[in-house]
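Here's the structure, in structure tokens; my notes come after.
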Amino acid sequence: MKEVGDSKDHQLTVALRIRPVSDAEQDEAATIVAHRLDEQMVILMDPLEDPDDILRANRSREKTYMFDVAFDYLASQEEVYRATTKGLIEGLISGYNATVFAYGPTGCGKTYTMLGTDQEPGIYVRTLNDLFRAIEATSDDMLYSVSMSYLEIYNEMIRDLLNPSSGFLDLREDSKGVIQVAGITEVSTINAQEIMELLMKGNKQRTQEPTAANQTSSRSHAVLQVAVRQQSRCRDVLQEVRFARLFMIDLAGSERAAQTQNRGQRLKEGAHINRSLLALGNCINALSDKNGTKYVNYRDSKLTRLLKDSLGGNSRTVMIAHISPASVAFEESRNTLTYADRAKSIRTRVKKNLVNVSYHIAQYTNIISDLRCEIQRLKKKMAEQSSRQLNSERADIRHVQGELPSTSHPADRAEMDQLREQLLEAFRQQMEIRRSLLELENSSMEVQMDTSKQLLTIADWEQEQSKLRRKWQAERKKESLKKEEGEKDSDSPESPPDSTESQEVRLARDNLVTLTAEQRKIQKQKVPAARLLWEKVPSFHPSSHRS
Ligand SMILES: Nc1ncnc2c1ncn2[C@@H]1O[C@H](COP(=O)(O)OP(=O)(O)OP(=O)(O)O)[C@@H](O)[C@H]1O
């Protein structure tokens with residue numbers, strides 16, 4: 001790992017984009033309440049505030065917010081790209097991860113900024129174009145390979161947008177601890193036109209539904225992942241391989257489910273979206289803690305698990321928050337501005353992580369690698385078990401079908417079909433529950449791994465303390481012997497060594513509390529899932545059902 005420059009480099013960049021007023025807002029005779037004041041400042045005015053209202057008189061009528069950069073309806077796609085993302089490319093080809101995400105309520109321009117249109121392409125294509133150009137410029141001495149994948153996270157499930165028929169995909173941690181999406185399609189092309197076509201096609205596969213707030217509202221987070229691998233062309237130089245990833249994410253709308261009059265499926269989606277955005281917000285909050293002492297829990301959603309390396313580690317992050325300028329969207333704009341404002345203070349602590357890791361590296365790398373092997377072994381075992389189970393269930397179904405008496409009576413056939421459907425549905429549900437149990441098992445192992453790290457930090461410190469205490473006691477003993485023999489003067493201190501815990505140990509203790517609660521939460525979730533699995537075992541026996 002290599003260190004990056006000054007601390008400003010590590011800061012998360014937060015940009016704000018105010019989109020033009022929409023036709024619908026104009027039809028509602030909405031007034032404009034959000035304005036860009038200058039390159040960095042934005043003002044939001046409360047449309048409900050009445051200057052003559054005495055009760056509200058001492059509340060300010062407007063609030064200003066500062067961002068790294070602010071745009072309004074006049075900003076072109078190129079300007080937004082240049083000010084937010086272009087600067088990440090150099091880091092990316094030097095081996096640094098980067099993430100750009102578009103945040104904001106539904107219909108405020110996230111997809112427009114990230115994907116754009118054929119005439120006005122957004123950040124995805126502009127970034128890839130510049131990346132390919134930069135690679136070409138340095139390719140005399142370096143050998144590069146770039147691959148791209150495009151996925152969506154919908155209701156906490158991952159789907160490949162370049163190959164939607166592949167079903168739901170799982171997140172896995174590889175042997176180097178990098179989170180990967182198992183079985184995702186990876187495309188290696190450097191033709192920008194081809195990429196735009198692939199992305200447009202992929203975007204059409206996104207789960208979109210009309211909501212009260214937006215006719216074509218994206219109900220999922222879309223993640224474009226670009227992996228850059230580079231190697232020196234020089235054969236006799238040490239063959240260092242660098243690998244960096246860029247995530248470009250079009251988040252699902254952040255509006256609260258209740259505000260869009262959603263019901264049923266929409267409400268469930270809203271809950272999942274809120275859950276992952278809340279998890280993202282919690283990570284942002286913990287990372288922005290000034291003392292750096294808060295535990296960052298990436299495990300609460302697929303999105304944060306996927307972004308783990310990119311948010312907290314050796315990575316640069318850009319958040320582009322989006323709002324509407326209209327009075328009708330005031331509440332949502334205020335929430336978005338508050339969320340983005342809180343994000344501003346994140347600093348990724350690259351150096352600190354390095355110090356911590358190297359300090360303990362000798363003690364716990366072996367333990368971690370043992371635990372990783374254990375996780376891999378368990379995952380493999382569970383995958384084998386579930387595929388064995390699935391095969392035997394399939395065989396059971398075939399068996400059931402084989403046993404069904406061949407009947408020509410349409411009513412009987414209909415009943416049989418219905419029973420078969422019920423069976424299949426029960427098996428499908430079983431598979432779903434098994435999948436969540438497997439995920440809970442993985443999370444539990446990860447928590448265990450983190451717990452071991454914290455315990456090691458504490459054990460190290462305690463060991464060091466008892467060594468110091470023993471040394472001090474031995475010296476005191478020597479002193480008293482010398483005194484008995486009539487010798488005077490001693491260099492050893494009268495009082496025992498200072499046993500105040502270091503910041504690191506205190507943090508480890510705090511983390512242990514959080515991790516124990518987390519483990520308890522996971523165990524609690526496992527019980528109903530296991531019970532459900534048991535209940536879903538079909539008790540249907542065709543041979544005894546009818547004769
Ligand atoms: N800066 C802009 N300039 C011109 N049109 C814009 C701009 N931002 C958004 N729009 C238009 O506003 C509409 C909604 O934008 P978009 O679909 O990008 O919103 P979104 O935030 O991605 O919504 P959702 O979360 O529901 O998917 C689109 O028709 C888009 O073309």
Could you pull out all residues at least two apart from [X] that satisfy salt bridge (Lys or Arg N to Asp or Glu O under 4.0 Å)?
{"X": "Arg245", "value": "Asp309"}
{"X": "Glu441", "value": "Lys526"}
{"X": "Arg133", "value": "Asp130"}

Flag the pair [X] / [Y] as yes when at least one side-chain heavy-atom distance between them is below 4.5 Å, and no otherwise.
{"X": "Phe247", "Y": "Val100", "answer": "no"}
{"X": "Leu16", "Y": "Phe71", "answer": "no"}
{"X": "Ser149", "Y": "Val181", "answer": "no"}
{"X": "Leu251", "Y": "Leu303", "answer": "yes"}
{"X": "Val228", "Y": "Phe243", "answer": "no"}
{"X": "Val226", "Y": "Met248", "answer": "yes"}
{"X": "Leu246", "Y": "Met148", "answer": "no"}
{"X": "Leu88", "Y": "Val318", "answer": "yes"}

For residues [X] and [Y], report the shortest heavy-atom separation together with the two atoms involved.
{"X": "Gly116", "Y": "Met200", "value": "O-CE, 3.7 Å"}
{"X": "Val14", "Y": "Asp68", "value": "N-OD2, 2.7 Å"}
{"X": "Arg172", "Y": "Ala182", "value": "NH1-CB, 3.4 Å"}
{"X": "Ile123", "Y": "Ile320", "value": "CD1-CD1, 3.5 Å"}
{"X": "Ala75", "Y": "Val80", "value": "CB-CG2, 4.1 Å"}
{"X": "Ala340", "Y": "Ala321", "value": "CB-CB, 3.8 Å"}

(message) Just to verify, which of Asp160, Asn203, Thr185 counts as forming a side chain to side chain donor-acceptor pair (under 3.5 Å) with Tyr150?
(response)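 So, applying the side chain to side chain donor-acceptor pair (under 3.5 Å) to Tyr150 and each of Asp160, Asn203, Thr185, only Asn203 qualifies.
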Looking just at side-chain N and O atoms, do [X] and [Y] make a donor-acceptor pair shorter than 3.5 Å?
{"X": "Thr85", "Y": "Arg126", "result": "no"}
{"X": "Asn163", "Y": "Ser165", "result": "yes"}
{"X": "Ser188", "Y": "Ser147", "result": "no"}

(message) Let's go through Phe132 and Ile195 carefully: what are the C-alpha distance in whole Å and the side-chain angles of both, what is the deciding distance for side-chain contact (heavy atoms from CB on, under 4.5 Å) to 0.1 Å, and is it a yes or a no?
(response) CA-CA 12 Å; Phe132 298 144; Ile195 287 171; 3.5 Å; yes
Value rounded to 0.5 Å, distance of [atom1] in [X] from [atom2] in [Y]:
{"X": "Leu280", "Y": "Ser301", "atom1": "CG", "atom2": "OG", "value": "7.0 Å"}
{"X": "Asn155", "Y": "Phe168", "atom1": "CG", "atom2": "CZ", "value": "8.5 Å"}
{"X": "Leu161", "Y": "Leu199", "atom1": "CG", "atom2": "CG", "value": "9.5 Å"}
{"X": "Ile323", "Y": "Leu337", "atom1": "CD1", "atom2": "CG", "value": "4.5 Å"}
{"X": "Leu198", "Y": "Leu224", "atom1": "CG", "atom2": "CG", "value": "10.0 Å"}
{"X": "Ile184", "Y": "Ser166", "atom1": "CD1", "atom2": "OG", "value": "7.0 Å"}

(request) For Pro20, check side chain to side chain contact (heavy atoms under 4.5 Å, CB included) against everything at least two apart and list the hits. (result)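 So Pro20 forms a side chain to side chain contact (heavy atoms under 4.5 Å, CB included) with Tyr73.
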(message) Holding to side chain to side chain contact (heavy atoms under 4.5 Å, CB included), I want the full list of residues that pass it with Ala102, two or more places apart in sequence or in another chain.
(response)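 Only Lys110, Met114, His322 meet the side chain to side chain contact (heavy atoms under 4.5 Å, CB included) criterion with Ala102.
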(message) Let's go through Glu173 and Arg305 carefully: what are the C-alpha distance in whole Å and the side-chain angles of both, what is the deciding distance for salt bridge (Lys or Arg N to Asp or Glu O under 4.0 Å) to 0.1 Å, and is it a yes or a no?
(response) CA-CA 10 Å; Glu173 199 170 323; Arg305 283 188 64 200; 5.8 Å; no
(request) Show your working on side-chain contact (heavy atoms from CB on, under 4.5 Å) between Thr113 and Arg17 and close with a plain yes or no. (result) CA-CA 9 Å; Thr113 298; Arg17 189 175 197 181; 2.9 Å; yes
(message) Would Glu120 and Tyr112 count as a side-chain contact (heavy atoms from CB on, under 4.5 Å) here? Give the steps.
(response) CA-CA 9 Å; Glu120 289 293 337; Tyr112 184 81; 4.0 Å; yes
(message) Heavy-atom count check: over 12 atoms from other residues, nucleotides or ligands less than 6.0 Å from Gln40 CD?
(response)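 For Gln40, atom CD is crowded (more than 12 foreign heavy atoms under 6.0 Å).
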(request) Inspect the surroundings of CG in Asp23 and state if more than 12 heavy atoms from other residues, nucleotides or ligands are less than 6.0 Å away. (result)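 Atom CG in Asp23 is not crowded, with 12 or fewer foreign heavy atoms closer than 6.0 Å.
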(request) Output all residues satisfying ring pair (Phe, Tyr, Trp, His ring centres under 6.0 Å) with Tyr103, sequence neighbours left out; order by chain, then residue number. (result)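 By the ring pair (Phe, Tyr, Trp, His ring centres under 6.0 Å) rule, Tyr103 matches Tyr339.
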(message) Let's go through Arg206 and Thr111 carefully: what are the C-alpha distance in whole Å and the side-chain angles of both, what is the deciding distance for side-chain contact (heavy atoms from CB on, under 4.5 Å) to 0.1 Å, and is it a yes or a no?
(response) CA-CA 11 Å; Arg206 270 182 84 179; Thr111 308; 4.0 Å; yes
Looking only at atom types and distance, does a side-chain atom of [X] sit under 3.5 Å from a main-chain N or O of [Y], one as donor and one as acceptor?
{"X": "Arg159", "Y": "Gln205", "result": "yes"}
{"X": "Ser220", "Y": "Tyr154", "result": "no"}
{"X": "Thr106", "Y": "Gly253", "result": "no"}

Can we say [X] and [Y] salt-bridge, meaning some charged N sits less than 4.0 Å from an Asp/Glu carboxylate O?
{"X": "Asp72", "Y": "Arg19", "result": "no"}
{"X": "Lys201", "Y": "Glu197", "result": "no"}
{"X": "Lys302", "Y": "Glu156", "result": "no"}
{"X": "Asp341", "Y": "Arg334", "result": "no"}

(message) By the definition side-chain contact (heavy atoms from CB on, under 4.5 Å), identify the one residue from Leu277, Leu306, Asp250 that meets it with His221.
(response)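 Of Leu277, Leu306, Asp250, side-chain contact (heavy atoms from CB on, under 4.5 Å) with His221 is met by Leu277 alone.
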